[in-house]
Amino acid sequence: VVHIDTGHNFPETIEYRDWLVNKLGLDLIVGSVEDSIRQGKVKEETGKYASRNALQTVTLLDTIEKHKFDACIGGAR
């Protein structure tokens with residue numbers, strides 16, 4: 001299971017993710033948007049309506065490449 005973490009999740013979201021992964025005995029891979037920002041791969045938006053949502057794409061593609069996934073099924077809330 002892959003989670004692309006924007007760094008802006010509610011604590012309950014991370015708690016639930018970790019609980020579910022543990023309950024189902026899954027392996028969890030976390031890609032971090034914050035890491036992508038620090039590496040200069042993406043630039044964080046500023047302003048009233050700033051969001052990290054669009055930045056997740058770069059982090060997702062990097063995570064797929066790093067782990068050499070053959071196929072992916074995505075989901076979002």
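Heavy atoms only: backbone and side chains are in, while hydrogens, waters and symmetry mates are out.
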Worksheet, complete the sentence: Tracing side-chain contacts under 4.5 Å among Ile, Leu, Val, Met, Phe, Trp and Tyr outward from Y49 reaches none

Worksheet entry | Rounded distance (nearest 0.5 Å) linking atom OG of S36 with atom NZ of K43 | 15.0 Å

Response to the item:
salt bridge (charged side-chain N to carboxylate O under 4.0 Å, His left out) pairs touching residues 54-73, sequence neighbours excluded, are K41-D62, E65-K68

Worksheet item: Would you say T13's side chain and N9's backbone share a donor-acceptor pair under 3.5 angstrom?
Response: no

Worksheet item: Hey, any chance L24 and Y16 share a hydrophobic cluster, counting ILVMFWY side chains that come within less than 4.5 Å of each other, even indirectly?
Response: yes

Worksheet item: Is there a path from W19 to F10 through hydrophobic residues (I, L, V, M, F, W, Y) whose side chains come within less than 4.5 Å of each other?
Response: no

Fill in: ILVMFWY network linking L28 to I14, side-chain heavy atoms under 4.5 angstrom
no

Practice prompt. Quick one: list whatever passes salt bridge (Lys or Arg N to Asp or Glu O under 4.0 Å) with E34, sequence neighbours left out.
Written response: R38, R52

Worksheet item: Other hydrophobic cluster members with I64, side-chain heavy atoms of Ile/Leu/Val/Met/Phe/Trp/Tyr under 4.5 Å, chained?
Response: V2, I4, I29, V33, I37, V42, L55, V58, L60, F69

Worksheet item: Got a sec, which residues hit side chain to side chain donor-acceptor pair (under 3.5 Å) with S51, two or more places apart in sequence or on another chain?
Response: N53

Worksheet entry | salt bridge (charged side-chain N to carboxylate O under 4.0 Å, His left out) pairs, two or more places apart, involving residues 6-33 | none

